[in-house]
Amino acid sequence: MIEQTAVERRNIIKAKQTRVSAQAVLNGDVKGLKRLLPFLGPAFIASVAYLDPGNFATNITAGSKYGYLLLWVIAASNLMAVLIQALSAKLGIATGKNLPEVAREQFPKGAAIFLWIQSELVIIATDLAEFIGAALGLYLLFGIPMLPAALITAAGSFAILELQRRGYRSLEAGIASMVMVVVLAFAFQVIMAKPDAGAVVAGIFTPAFQGVDSVLLAAGILGATVMPHAIYLHSSLTQSRVVGVDEKQKKQIFKWEMIDIVIAMVIAGAVNMAMVIVSAALFFKNGLVVEDLDVAFEQFSHLAGPVTAIAFGLGLLIAGLSSSSVGTMAGDVVMQGFINKRINLYLRRAITIIPPLAIIALGINATSALVMSQVVLSFGIAFALIPLVIFTSNRKIMHGLVNRRITTILGWMISALVVALNLFLIVEMFV
């Protein structure tokens with residue numbers, strides 16, 4: 001108990017230091033790049049959701065089947081993600097509340113309970129993908145059977161939660177370090193794969209499809225990119241981190257947070273593109289269609305050497321572990337926000353470990369489980385996106401940070417597109 005109190009004291013001191021540093025920036029007392037430092041962090045934590053193992057499965061499949069063709073889908077998805085995460089961050093800054101809290105205030109009690117239940121199911125599906133991905137990474141790297149690997153993953157996920165207990169600065173530093181490992185792993189893979197630079201540029205800037213299956217894969221990429229739990233989480237990360245005393249300061253805070261968002265989303269987008277590029281350069285070029293991550297690992301070793309395969313496995317392991325912590329945090333946010341209840345984070349983590357452990361124990365194919373988890377995610381996107389656009393377009397809620405007309409129009413267009421593509425994905429998967 002004494003140790004916990006000491007940790008809490010340190011967290012309070014660190015939070016005050018961040019607010020003091022941010023206030024100095026807002027007052028114009030700090031110059032140069034140092035002005036950005038107090039505001040960096042929230043978007044990096046949210047961006048981890050865009051690097052979860054579900055992305056690995058869809059991106060590797062897309063690259064092996066269609067080469068560089070669908071790179072533009074990732075580019076477009078990330079542009080959408082920038083706007084979506086900006087709206088979520090802006091809601092937290094403007095209101096001092098997270099998206100679920102605002103929904104609880106604005107919607108009837110029954111609607112709030114429904115939103116909580118569906119968001120918990122979405123987070124369970126997300127956690128399934130992340131947990132299985134990390135366990136698969138251990139299996140590929142060290143040959144550890146999936147069930148023991150899953151138990152090791154569980155221990156690792158509890159260790160990351162300890163970072164959160166030590167304060168958001170410790171968590172941000174830990175998550176940023178893990179993201180950097182994933183970035184370096186895929187940068188190395190791209191170098192080893194030696195992709196066609198001209199084809200990469202064409203794929204990014206030339207929208208095109210090749211048949212219905214490519215549209216289905218594009219919907220899968222989009223579904224794996226726009227993550228409902230990241231929308232809920234980002235608003236909670238900005239709601240009290242740096243508090244503006246008036247509308248002018250809130251606008252300044254949002255300006256700095258936008259830089260954080262752009263940097264984080266560019267990194268996440270680059271990693272997702274790297275997955276497609278490596279798959280296209282190695283698998284598509286050699287006429288291989290690869291849909292299982294364990295097969296991808298073996299083929300990376302065969303075509304580009306064992307170190308390239310190790311980089312892939314390491315990226316999968318770290319992405320799974322880091323994104324699992326984000327899912328647990330999001331679960332805490334939606335429960336507190338929608339129904340004003342909380343349970344211990346360690347207990348939540350223990351409960352959410354059960355479904356992936358059961359699936360692994362039953363011997364279900366890991367990649368198939370990852371793909372199915374993306375289908376469940378598809379159901380939840382509308383319930384996060386639509387309230388977000390409604391609330392951020394309401395001047396009574398947002399005051400000076402209310403959406404401009406063009407922002408609202410873009411928000412509704414993106415919402416309609418994302419929902420339509422995910423409905424298409426669900427229909428194609430089951431019909």
Side-chain angles (χ1 to χ4, degrees), residues 48 51-65 126-157 159-160 178-193 224 271-272 274-284 286 288-325 327 353 356-374:
V48 170
L51 299 175
D52 86 334
N55 297 58
F56 283 66
T58 52
N59 291 335
I60 294 296
T61 302
S64 69
K65 281 188 173 182
T126 305
D127 200 58
L128 170 66
E130 293 152 355
F131 203 85
I132 289 179
L136 184 59
L138 282 172
Y139 166 72
L140 295 175
L141 286 171
F142 305 108
I144 301 171
M146 284 294 287
L147 190 55
L151 295 174
I152 294 171
T153 300
S157 66
I160 295 173
M178 297 176 87
V179 169
M180 190 53 59
V181 171
V182 178
V183 169
L184 292 174
F186 279 96
F188 175 77
Q189 278 197 298
V190 170
I191 292 169
M192 296 301 292
V271 172
N272 279 296
M275 295 180 198
V276 175
I277 290 169
V278 170
S279 181
L282 294 177
F283 304 151
F284 181 76
N286 289 284
L288 299 172
V289 174
V290 178
E291 297 180 311
D292 289 329
L293 296 180
D294 52 348
V295 175
F297 180 83
E298 293 172 5
Q299 290 299 329
F300 280 135
S301 182
H302 176 68
L303 296 171
V307 178
T308 305
I310 289 170
F312 175 75
L314 183 63
L316 180 61
L317 170 61
I318 298 299
L321 279 174
S322 58
S323 53
S324 70
S325 63
I353 282 171
L357 281 178
I359 285 176
I360 291 169
L362 291 171
I364 296 172
N365 179 273
T367 303
S368 298
L370 292 179
V371 172
M372 288 307 297
S373 73
Q374 301 308 305

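Computed from a predicted model, the values in this text were never measured in an experiment. Basis for what follows: all heavy atoms, side chains included, without hydrogens, waters or symmetry-related copies.
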message: Would you compute the distance between atom OG of Ser64 and atom CG of Asn286 and round it to the nearest 0.5 angstrom?
response: 11.5 Å

- prompt: Which heavy atom of Ala185 sits nearest a heavy atom of Ala311, and at what distance?
  reply: CB-O, 3.4 Å

Straight-line distance of Leu357 CG to Leu128 CG, nearest 0.5 Å: 10.5 Å

- line: Nearest heavy-atom approach of Val182 to Gly315 is CG2-O, 3.9 Å

task: Dump the intermediate steps for side chain to side chain contact (heavy atoms under 4.5 Å, CB included) on Met275 and Gln189, then the final yes or no.
output: CA-CA 9 Å; Met275 295 180 198; Gln189 278 197 298; over 6 Å; no

task: Taking all heavy atoms of Ala319 and all of Phe56, pick out the closest pair and write down the distance.
output: CB-CE1, 3.8 Å

field: With Asn272 via side chain to side chain donor-acceptor pair (under 3.5 Å) - residues at least two apart
entry: Asn55, Asn59

message: Is the ring pair Phe300/Phe312 parallel, tilted or perpendicular, if the boundaries are 30 and 60 degrees?
response: tilted

field: Distance, nearest 0.5 Å, that separates CG of Leu316 from CZ of Phe297
entry: 10.0 Å

- prompt: What heavy-atom pair brings Val271 and Phe186 nearest, and what distance separates the two atoms?
  reply: CG1-CD1, 4.0 Å

message: Looking at every non-hydrogen atom in both residues, tell me the closest pair between Ser157 and Ile353 and how far apart they are.
response: OG-CD1, 4.5 Å

message: Does any part of the side chain of Leu288, heavy atoms only, come nearer than 4.5 Å to the side chain of Leu303, both counted from C-beta?
response: yes

Donor-acceptor pairs are to be reported for all side-chain atoms of residues 133-150 against protein atoms at under 3.5 Å, with residues two or more places apart or in another chain.
none

task: Quick one: list whatever passes side chain to side chain contact (heavy atoms under 4.5 Å, CB included) with Val307, sequence neighbours left out.
output: Phe188

field: Step-by-step side chain to side chain contact (heavy atoms under 4.5 Å, CB included) determination, Lys65 to Thr61
entry: CA-CA 6 Å; Lys65 281 188 173 182; Thr61 302; 4.1 Å; yes

- request: Measure across Gly63 and Ser279 and return the closest heavy-atom pair with its distance rounded to 0.1 Å.
  value: C-OG, 3.4 Å

query: Okay, side chain of Ser301, backbone of Glu298: is any donor-acceptor separation there less than 3.5 Å?
result: no

query: What is the distance from atom CD1 of Ile60 to atom CG of Leu293, rounded to the nearest 0.5 Å?
result: 7.0 Å

message: With heavy-atom distances below 4.5 Å as the criterion, would you say the side chains of Val48 and Met178 are in contact?
response: no

- line: In this structure, OG1 of Thr153 is separated from CG of Leu317 (nearest 0.5 Å) by 6.5 Å

